[in-house]
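Working notes, structure below.
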Amino acid sequence: MKLETLAIHAGNMVSDSRQPVVQPITTSTTFLHQEDSLIYSRANNPNRLALENLLAKLEFGEDAAAFSSGNAAGMAVFQALEPGSHLIAPDDMYHGLRAQLIQLFKGILSVTFVDMTDPDQVADAIIPETKLIWVETPSNPLLKISDIKKICKIASDADIRVACDNTFATPVFQNPLLLGADLVMHSSTKYLGGHSDILGGALVTKKKDGFWEKVKFVQQTGGAVPSPFDTYLLCRSIKTLPYRMKGHAEHAGILAEYLLNHPQVEDVYYPGLKRHSGHWVALQQMSGFGGMLSFLVKGDAAVADKVVSKLKFFSNATSLGGVESLIERRAASEGPDTQTPPNLIRVSVGLEHLDDLLTDMEQAMER
Ligand SMILES: *Cc1c(COP(=O)(O)O)cnc(C)c1O
C-alpha cells in the first residue's frame with residue numbers, strides 16, 4: 001500500500017461482529033480475563049493499538065509506542081538508557097527535551113551538544129560510554145538539516161543507537177528508519193494531530209530488541225499513555241496527513257520565497273530554499289520540505305513583536321502543525337536560557353488560502 005492508502009486504512013483494527021467501518025472508541029479501563037484479551041488500559045487499549053499499528057506502518061518500523069505527549073515519548077528513550085550513559089544531541093533541538101537532558105537527567109546521563117549539520121562533530125564527540133545519538137532534522141526552531149545517513153553510519157561503526165525526532169518532517173516527507181536510524185520520535189501534538197486539539201507523542205522502532213522492551217516497560221509502567229479518545233482522534237487526523245502536508249509544504253515554500261525577497265527581512269530558514277546550507281542534504285533525505293520556516297526581521301525583538309501582533313490570519317501562539325497558521329517570536333517562548341536570536345520569528349504555515357496569508361504578511365511587514 002502507498003502512504004495515502006495506509007494513512008486511511010492502517011488505523012483500523014476493528015473486531016466487532018457488526019463490522020463498523022471506523023474503529024470505535026473503547027473507554028473501558030479493564031477487560032475480561034480471557035485468552036488473548038487485553039488486560040488493563042494503561043498497558044494496552046484497542047484505540048492505542050490501532051494508532052501504534054498505523055504509526056509503525058507509516059514509519060516502516062516493527063512496533064510503535066504512543067505517549068501522552070512528545071516530551072513523554074522522548075523521556076521514555078532517555079529513561080531506557082542505563083544510568084551513566086553518554087549521549088550526543090544537537091545544539092539546536094526542541095527546548096523541552098533539551099531541558100530534560102540538562103535538568104531532569106543531571107547526574108544520571110551525560111550529554112554533549114554538537115552542531116549536527118557537521119557529522120565530523122558527531123564522530124569527535126563519541127566516548128566509550130556513548131549509547132545514543134539524538135537527531136532532530138529539520139530542527140526546531142532554526143530548521144537545521146542533519147545528514148541522517150551519515151550520522152547513522154558513524155553510529156553503527158561504533159555500535160551506538162540513533163533516535164530521530166521526525167516531528168517537523170512527518171512520515172510523509174522523511175522516514176529516518178529507512179535511512180539507518182533505530183528509533184523515530186514524534187510529537188503527535190503537531191502535524192499528526194493537525195488541528196491543535198490533541199496532545200500526544202510516539203516512538204517507532206526498527207526492531208523489537210531489548211532496548212525496545214525497556215521503552216515499552218517505561219510506557220506501560222511509567223504510565224504516560226494517551227487516552228482512548230486522543231488515540232481515536234489521532235487515527236482520524238492521520239487519514240488526511242499526506243494531503244495536509246502537501247498543502248503545508250506548498251504554502252511554506254512560497255511564503256519562504258516571498259520573505260526572502262522582502263526588504264525588511266534579514267534571513268529566512270527553510271530547507272526548500274536553494275540558499276539554505278542544508279538544502280542539498282534535505283533533497284537527498286526528504287521528499288518535501290515541510291510547513292515550518294523561521295525568519296529574522298531587520299531590527300530587534302520589539303520590531304519582531306510588532307510584526308507578529310499585526311497579523312490577522314497567523315495566530316500569535318506557540319506550537320505548530322495545525323491547519324491554522326501560527327506564528328511566534330520564538331525566543332519569548334523558550335524563556336531566559338534561549339539560544340534563539342531575539343528577532344527570529346517562527347511560522348507554522350497553515351492551510352488558509354495562500355493569497356490571504358501573503359496579503360496579511362504584506363500588511364504586517366509594512367514599516
Ligand atoms: C513540540 C515538540 C516536541 C514536544 O512535544 P509535546 O507534544 O509538546 O510534548 C518535541 N520535538 C519537537 C520537534 C516539537 O516540535
Side-chain angles (χ1 to χ4, degrees), residues 51 55 59 64-79 87 89-104 113 116 132 134-146 148 163-174 176 181 183-204 218-219 222-227 230-231 233-234 237-238 241 245 248 252 269 271 278 286 289-294 317-322 326-328 330-331 333-335 338-340 344 346-350:
L51 173 65
L55 291 172
E59 284 288 16
F67 291 85
S68 54
S69 71
N71 266 18
M75 188 147 103
V77 178
F78 305 147
Q79 285 175 322
L87 60 102
D91 58 1
D92 187 54
M93 74 183 281
Y94 181 68
H95 74 113
L97 290 173
R98 183 185 160 86
Q100 283 185 9
L101 290 173
I102 294 173
Q103 288 166 259
L104 291 180
F113 294 99
M116 280 203 186
L132 178 76
W134 185 267
V135 181
E136 180 181 318
T137 180
S139 68
N140 185 357
L142 290 178
L143 282 300
K144 284 188 172 187
I145 300 293
S146 303
I148 301 174
C164 182
D165 184 339
N166 205 29
T167 301
F168 271 32
T170 80
V172 177
F173 291 143
Q174 183 171 274
L183 291 163
V184 171
M185 181 238 139
H186 282 282
S187 166
S188 35
T189 312
K190 314 296 167 56
Y191 288 107
L192 301 183
H195 299 73
S196 308
D197 57 4
I198 315 163
L199 202 65
L203 296 171
V204 183
V218 172
Q219 178 204 28
V225 291
S227 71
D230 283 351
T231 46
L233 271 183
L234 273 169
S237 295
I238 290 170
L241 179 71
M245 290 317 295
H248 285 299
Y269 304 119
M286 303 178 82
F289 303 108
M292 292 300 298
L293 64 88
S294 295
T318 198
S319 198
L320 59 107
L326 296 177
I327 197 159
E328 68 177 343
R330 187 60 187 164
S333 273
E334 293 186 344
T338 182
Q339 316 177 78
T340 302
L344 181 134
R346 192 188 73 178
V347 194
S348 173
V349 189

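Counting convention: from 1, in listed order, for ligands and their atoms alike.
- Annotation for ligand 1: atoms under 4.0 Å from non-hydrogen atoms of Asp165 are 10 (C), 11 (N), 12 (C), 13 (C).
- Residue contact check: Leu320 has heavy atoms under 4.0 Å from atoms 15 (O) of ligand 1.
- Considering every non-hydrogen atom in both Ala73 and Met185, the closest pair reads CB-CG, 4.3 Å.
- Within ligand 1, the atoms closer than 4.0 Å to a non-hydrogen atom of Glu136 are 13 (C), numbered from 1 in the order shown.
- Partner Pro171 forms a side chain to side chain contact (heavy atoms under 4.5 Å, CB included) with one of Val204, Val184, Leu192, Ile238 and no other, that one being Leu192.
- The closest protein non-hydrogen atom to atom 8 (O) of ligand 1 is Tyr94 OH, 3.9 Å.
- Residue-ligand proximity, Ser69 to ligand 1, at heavy-atom distances under 4.0 Å covers atoms 7 (O), 9 (O).
- Ligand 1 has Gly200 within reach: a non-hydrogen atom of the residue lies less than 4.0 Å from it.
- Atom-to-atom distance recorded for Leu233:CG and His195:NE2 is 9.5 Å, nearest 0.5 angstrom.
- At least one N/O-N/O distance between Gly70 and ligand 1 falls below 3.5 Å.
- In this structure, Arg346 contributes its side chain and Ala331 its backbone to no donor-acceptor pair below 3.5 Å.
- Near Asn71, with a cut-off below 4.0 Å to any heavy atom, the atoms of ligand 1 are 4 (C), 5 (O), 6 (P), 9 (O).
- Between Ala169 and Met245 the shortest heavy-atom distance is O-CE, 4.3 Å.
- In this structure, atom 7 (O) of ligand 1 lies nearest to the protein heavy atom Thr189 OG1, 2.6 Å.
- Between His248 and the options Phe168, Phe173, Tyr191, a ring pair (Phe, Tyr, Trp, His ring centres under 6.0 Å) holds for only Tyr191.
- The closest protein non-hydrogen atom to atom 1 (C) of ligand 1 is Lys190 NZ, 1.4 Å.
- A side-chain donor-acceptor contact under 3.5 Å links Asp165 and Thr167.
- Counting only distance, with no hydrogens or angles, the side chain of Gln219 and the backbone of Ala66 share a donor-acceptor pair below 3.5 Å.
- With Ser187, Ser348, Gly201, Ser319 as candidates, the residue nearest to atom 5 (O) of ligand 1 on a non-hydrogen basis is Ser187.
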